[in-house]
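Have a look at the structure below, then the notes.
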Amino acid sequence: MKFWKNKKLTSQFLAVLVLLTLNVFLLRHILGNDVFFPSHDSTWLVRLQQFDQAIKLGQFPPRLAPDMAFGFGYPLFKYYAPLFTSFSWLIFKVVSSYGLAVILTVFLGDFLGSLGMFFLAKNFWGFWGGVLSSIAFLFLPYRALDIYVRGAFAELLAINILPFLFYFFFKIINANKHPRKGDIAGFIFSSFFFILAHNLYLIIFAYLLPLILIYLIIKRRNLKILAFSFVIALLLSSFYWLPMILGIKDIGVINQAGKTNFADHFVYLRQIWNWNWGFGGSAPGLEDGMSFKAGKLQIILALAGLSLAILKSKRKKDIVFLAFLGIASIGLSLPLSRFFWENIPLLPIIQFPWRFLGIFGLVITFFSGGVVSFIKSRFVKLILLLGATGGLVFLNYKYFVPQKIIGDANEYFLTKEKVEKNAALEIQEYFPVGVEEIPEIKPKSAIETEPDQAVDVVLDSPFKIIFRVDSLVGGKIIANRFYFPGWQAKHEDKLLEIRPNNIDGRIILDANKAGEYTLSFVATSAEKISWGLGLLGVFILFLFLIY
């Protein structure tokens with residue numbers, strides 16, 4: 001009874017209930033056991049199944065996908081941001097369905113993202129403004145694009161983390177005295193999760209960093225605490241980003257990204273205002289088969305909210321900073337930004353300028369709540385909130401629908417061909433450098449010899465091969481695994497030199513002695529150092545939290 005008498009707690013509980021209900025509504029078509037849908041990236045069930053299989057085989061954290069690319073050792077998990085798949089795996093262990101685990105991860109991310117937007121906007125616009133911003137955020141067409149058209153679940157998760165990241169950022173930077181320990185911890189964990197969420201959104205955020213630094217220089221508050229918090233987040237996440245950065249030269253991702261001409265994928269203002277919805281791809285000019293609309297009502301509400309905030313808000317520095325963040329984001333998605341794309345290092349790795357629309361969408365939905373914040377009458381606020389909510393739902397719900405629903409997801413998405421062959425071909429950027437000919441069939445044996453000789457393969461697992469051979473004077477052993485840092489060969493406990501085969505990149509080692517050989521995938525020095533840095537981050541965070 002005391003809970004219901006507390007109006008603040010009651011209103012927040014109802015707001016959370018509304019957001020929970022709306023999130024279920026937006027995923028209503030695909031919330032079911034063993035139900036999934038095709039999209040531009042239909043490899044998510046394969047990723048989860050391979051992630052689970054790698055852990056079952058004793059590799060933690062997973063680095064190689066055991067069956068993809070016909071078991072040659074595809075280093076997907078070393079490079080692709082691990083957060084979404086890790087959460088999916090935890091949920092999978094509860095629900096025992098790959099499709100449902102992936103969809104529930106999307107649902108959880110969307111719910112937390114809308115909740116984060118509620119708290120962020122509420123901090124600026126009050127309760128009613130927070131509700132409106134969170135609903136505008138939920139029904140953003142770009143989010144429907146990420147879910148149902150592109151299948152860009154990791155990118156969507158990164159966007160969902162940003163509201164909490166900004167919420168704790170502003171709580172720290174605007175604290176009059178020492179920020180609350182809970183806000184500092186919130187910023188650390190938000191930064192940690194964001195780093196693990198999506199590689200390219202880290203690059204996007206890095207190129208928006210000058211605006212953030214200018215804002216921090218103007219504010220001049222609690223900068224040391226922010227820096228400390230971010231360093232802790234870097235330490236905690238170093239197990240992923242340090243080996244990934246040091247090993248980026250070992251895969252073809254840079255070369256693969258260079259094959260995409262970014263100039264073909266700029267967005268035009270008319271497309272942001274309105275464009276036909278579709279399930280096709282991104283194409284040059286105005287030939288896109290998918291829509292980049294930001295939502296007419298979101299844009300109108302944002303312009304009105306921003307105008308009122310500039311005129312009446314006491315937090316003008318924060319408002320102007322966020323406004324410029326939105327302007328920079330949309331600017332870098334338009335053709336007028338071509339100069340920057342041609343001259344700023346690494347920016348073309350993002351491939352598609354329209355990726356910046358994720359940040360732009362977050363900003364406009366934040367400002368949408370501003371329209372109700374300066375109205376004094378609760379009745380008028382309520383009418384405006386209900387009207388705007390109705391409009392947002394009516395105008396945008398139709399985009400949150402898959403093109404096709406697959407009833408038996410495992411049978412459709414996890415066929416032997418899709419796991420072993422097609423998944424790696426869809427995401428070719430993770431093939432090791434030197435693999436110029438992609439394998440087309442699974443070899444009969446893990447080990448081949450030149451000249452041809454009988455080999456006794458004692459153990460053939462994705463991460464370890466044990467075999468026996470007779471003496472091969474001047475001969476060589478070819479292992480059907482891609483040459484990649486982490487593989488090591490031993491004979492009688494002595495390390496042997498390994499090298500890549502020309503064209504197909506398989507592992508070659510010389511075998512001038514008879515006996516038993518072991519080829520195993522082990523942690524590299526960079527990985528061991530990164531794990532140590534991660535433990536250091538955990539230790540520092542523990543000391544910070546208890547003292």
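- Looking only at distances, no side-chain donor or acceptor of S88 sits under 3.5 Å from a matching main-chain atom of V102.
- Heavy-atom contacts from other residues, nucleotides or ligands closer than 6.0 Å to CZ of F230 number 12 or fewer.
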Would you give me the side-chain donor-acceptor pairs under 3.5 Å for residues 117-132, sequence neighbours excluded?
residue, atom, partner, partner atom, Å
W125, NE1, F366, O, 2.8

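- Atom CZ of F36 and atom CD1 of I103 lie 4.5 Å apart (nearest 0.5 Å).
- K219 NZ to D318 CG: the interatomic distance, rounded to the nearest 0.5 Å, is 4.0 Å.
- Ion pairing between D460 and R481 holds under the 4.0 Å rule for side-chain N and carboxylate O.
- Annotation: salt bridge (charged side-chain N to carboxylate O under 4.0 Å, His left out) contacts involving residues 88-113, sequence neighbours excluded, comprise D52-K93, D110-R143.
- Ring pair Y142/F360: centre-to-centre distance not below 6.0 Å.
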I'd like a table of donor-acceptor pairs (distance under 3.5 Å, sequence neighbours excluded) in which one partner is a side-chain atom from residues 531-547, with atom names and distances.
none

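- Taking the ring centroids of W44 and F413, they lie at or beyond the 6.0 Å cut-off.
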Evaluation steps, side-chain hydrogen bond (donor to acceptor under 3.5 Å, both in side chains), between D41 and T43: CA-CA 6 Å; D41 185 353; T43 65; 2.6 Å; yes
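- For F107, the ring-ring contact (aromatic ring centres under 6.0 Å, His included) test picks out no residue, with sequence neighbours left out.
- For the atom pair K418 NZ and L45 CG, the distance stands at 10.0 Å (nearest 0.5 Å).
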Per-pair distances, 0.1 Å, donor-acceptor, side chain in residues 64-75, under 3.5 Å, sequence neighbours excluded:
residue, atom, partner, partner atom, Å
D67, OD2, Q50, NE2, 3.0
Y74, OH, I427, O, 2.2
Y74, OH, Y430, N, 3.3

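- Formation of a donor-acceptor pair under 3.5 Å by the N160 side chain with backbone atoms of G109 is found in this model.
- Among the candidates D250, V253, I245, the single residue satisfying the side chain to side chain contact (heavy atoms under 4.5 Å, CB included) test with Y79 is D250.
- Under the 3.5 Å distance criterion, the side-chain polar atoms of S337 are left unmatched by any main-chain donor or acceptor of F340.
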Decide ring-ring contact (aromatic ring centres under 6.0 Å, His included) for F205 and F194; before the verdict, give the C-alpha distance in whole Å, the side-chain angles of both, and the deciding distance to 0.1 Å. CA-CA 10 Å; F205 223 65; F194 183 70; 5.3 Å; yes
Got a list of side-chain donor-acceptor pairs under 3.5 Å for residues 485-493, not counting sequence neighbours?
residue, atom, partner, partner atom, Å
W487, NE1, F482, O, 3.4
H491, ND1, E516, O, 3.0

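- For the atom pair CD1 (I203) and CD1 (I349), the distance works out to 5.0 Å, reported to the nearest 0.5 Å.
- Cation-pi geometry between R63 and F521 is not satisfied (NZ or CZ under 6.0 Å from the ring centre, within 45° of the ring normal).
- Without hydrogens or angle criteria, T85 side chain to L48 main chain gives no donor-acceptor distance under 3.5 Å.
- Checking side-chain atoms of Y215 against main-chain N and O of L322 turns up no donor-acceptor pair under 3.5 Å.
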